[in-house]
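Notes follow the structure.
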Amino acid sequence: MRKNIVAGNWKMNTTVAEGVALAKEVNEALAGFKANCDVIVCAPFTHLASIASVIDQNKLGLGAENCADHKSGAYTGEVSAAMVASTGATYVILGHSERRQYYGETAETLREKVALALANGLTPIFCIGEVLEERENGTYNDVVKGQIVDGLFNLSAEDFGKIILAYEPVWAIGTGKTATADQAEDMHAHIRAVIAEKYGKEVADNTSILYGGSCKPSNAAELFAKPDVDGGLIGGASLKCADFMGIVKAF
Ligand code: PEP
């Protein structure tokens with residue numbers, strides 16, 4: 001059965017000391033009670049090994065926010081999936097809209113990244129989502145289908161089963177403008193149907209599909225109550241332990 005998951009995406013925020021302190025705080029908050037979902041924080045590369053040494057990964061999963069599309073070699077400044085895995089992290093966000101928009105990530109590079117992440121035992125949290133223009137001109141279902149088909153449908157059913165999806169409408173990321181719970185549910189059900197068409201109903205039913213975009217303690221419960229919304233990928237609100245835990249407790 002698919003899991004409910006709340007994952008934080010810290011983006012390019014916090015120093016190592018601040019990130020370690022935040023991870024410790026979340027870890028301690030989780031130690032005291034039984035969350036009804038898996039909880040993950042995705043942090044900058046520089047922070048991962050230090051965070052891995054202070055958290056209990058049975059309670060709090062750890063992920064990177066990206067990895068390279070090459071295995072190793074002369075790619076100055078890049079960080080490979082093997083390097084991420086060597087820190088102790090076990091998840092990696094791939095295809096975030098900020099990386100597609102600012103760093104030119106394409107379906108082709110993402111296919112490489114997904115393959116390398118899986119080969120190194122990392123669980124990809126693969127992001128998809130339309131921009132405002134596509135929401136307004138009504139092409140959003142096709143756009144999101146295209147991102148899934150082009151980025152992931154080269155995978156075997158077994159490998160696809162290892163992927164977590166995050167639907168993040170770009171117009172809702174960091175804007176304070178959340179998709180309504182109905183808009184999220186419509187898209188998540190569409191995504192599940194797209195998966196079922198390719199891999200069958202069982203694989204589709206077992207895929208966790210997270211919602212991302214200005215999710216906060218005040219709107220998380222309504223979003224998570226929808227049958228096809230299996231949790232959230234949380235940007236801004238993951239930077240404060242109380243807000244992040246407020247979202248975790250929405251389950
Ligand atoms: C994100 O960038 O993944 C995200 C969901 O950001 P925010 O929650 O800040 O909109």
Side-chain angles (χ1 to χ4, degrees), residues 4-14 18-19 22-23 26 37-45 47-48 61-67 89 91-105 110 113-114 117 122-132 134-135 140 143-144 147-148 151 163-181 183-185 187-188 191 208-224 226 228-251:
N4 290 328
I5 299 167
V6 171
N9 171 18
W10 291 358
K11 312 194 186 194
M12 197 173 72
N13 292 297
T14 72
E18 289 164 351
L22 176 57
V26 174
C37 59
D38 285 2
V39 185
I40 301 163
V41 288
C42 297
F45 294 130
H47 300 27
L48 295 174
L62 179 63
E65 301 172 13
N66 181 32
C67 71
Y91 297 88
V92 60
I93 296 173
L94 292 175
H96 191 280
S97 62
E98 288 152 14
R99 297 218 50 92
R100 292 178 191 258
Q101 187 182 347
Y102 306 137
Y103 301 97
E105 286 195 352
L110 286 170
K113 291 182 183 208
V114 168
L122 299 172
T123 299
I125 301 174
F126 190 88
C127 302
I128 49 188
E130 80 283 359
V131 298
L132 184 60
E134 293 157 345
R135 171 59 53 174
Y140 49 92
V143 167
V144 169
Q147 290 170 338
I148 298 169
I163 305 285
I164 297 167
L165 283 175
Y167 167 59
E168 301 206 302
V170 180
W171 46 272
I173 294 180
T175 57
K177 195 177 170 193
T178 319
T180 65
Q183 283 174 323
E185 172 57 22
M187 179 57 87
H188 284 224
I191 292 167
S208 294
I209 308 174
L210 316 184
Y211 167 80
S214 299
C215 186
K216 37 192 184 267
S218 59
N219 59 26
E222 191 187 354
L223 287 158
F224 298 171
K226 293 293 182 185
D228 288 293
V229 178
D230 306 313
L233 181 57
I234 318 298
S238 69
L239 292 168
K240 281 207 184 112
C241 181
D243 289 347
F244 190 55
M245 288 304 296
I247 296 170
V248 169
K249 288 175 181 170
F251 267 118

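Order of listing sets the numbers, starting from 1, for every ligand and every atom in it. Count residues from 1 along the sequence. Everything quoted here is computed from the prediction, not taken from an experiment.
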- prompt: Listed by chain and number, what are the side-chain hydrogen bond (donor to acceptor under 3.5 Å, both in side chains) partners of Glu185, not counting sequence neighbours?
  reply: none
query: With a 4.0 Å heavy-atom cut-off (strictly under), which part of Ile173 contacts ligand 1: side chain, backbone, both or neither?
result: both
- request: Search all heavy atoms of Gln183 against all heavy atoms of Ala179 and return the closest pair with its distance.
  value: OE1-CA, 3.4 Å
- prompt: At a 4.0 Å threshold, what atoms of ligand 1 neighbour a non-hydrogen atom of Gly213?
  reply: 5 (C), 10 (O)
Throw together a table of side-chain donor-acceptor distances under 3.5 angstrom for residues 215-223, partners on residues two or more places apart or in other chains.
unit_1: Asn219; atom_1: OD1; unit_2: Lys216; atom_2: N; d: 2.8
unit_1: Asn219; atom_1: ND2; unit_2: Thr178; atom_2: OG1; d: 3.0
unit_1: Asn219; atom_1: ND2; unit_2: Ser214; atom_2: O; d: 3.1

query: Taking Tyr211 for the side chain and Gly213 for the main chain, is one N or O donor matched with an acceptor at less than 3.5 Å?
result: yes
message: Could you identify the single nearest non-hydrogen protein atom to atom 3 (O) of ligand 1 and state the distance to 0.1 Å?
response: Glu168 OE2, 2.7 Å
field: Shortest reach to atom 7 (P) of ligand 1 by a heavy atom, considering only Ser97, Gly235, Gly176
entry: Gly235
query: Within the side chain of Asn4, is there an N or O that forms a donor-acceptor pair under 3.5 Å with the backbone of Gly231?
result: no
message: Tell me if a side-chain donor or acceptor on Glu65 pairs with a main-chain N or O of Asn9 at a distance below 3.5 Å.
response: no
- prompt: With only distance considered, is Thr175 within less than 3.5 Å of ligand 1 through an N or O on each side?
  reply: no
query: Looking only at side chains, do Glu134 and Trp171 share a donor and an acceptor under 3.5 Å apart?
result: no
query: In the protein, which heavy atom is nearest to atom 2 (O) of ligand 1, and how far is it?
result: Lys11 NZ, 2.5 Å
- request: Would you name the heavy atoms of Gly129 and Gln147 that are closest together and state the gap between them?
  value: N-OE1, 2.8 Å
- prompt: Against heavy atoms of Ala172, which atoms of ligand 1 measure under 4.0 Å?
  reply: 10 (O)
- request: Show which atoms of ligand 1 fall inside a sub-4.0 Å distance from at least one heavy-atom site of Asn9.
  value: 1 (C), 2 (O), 3 (O)
- prompt: Got an N/O contact under 3.5 Å between Gly174 and ligand 1?
  reply: yes
message: Just to be sure I read this right, does ligand 1 sit under 4.0 Å from the backbone of Ala166, its side chain, both, or neither, counting only heavy atoms?
response: neither
field: Arg100 side-chain N/O to Glu105 backbone N/O, donor-acceptor pair under 3.5 Å
entry: no
field: Identity and distance of the protein heavy atom lying nearest atom 1 (C) of ligand 1
entry: His96 NE2, 3.2 Å
- request: Determine whether any heavy atom of Ala237 lies closer than 4.0 Å to an atom of ligand 1.
  value: no
message: Looking only at distances, can you tell me whether any N or O atom of Gly236, backbone or side chain, sits closer than 3.5 Å to an N or O atom of ligand 1?
response: yes
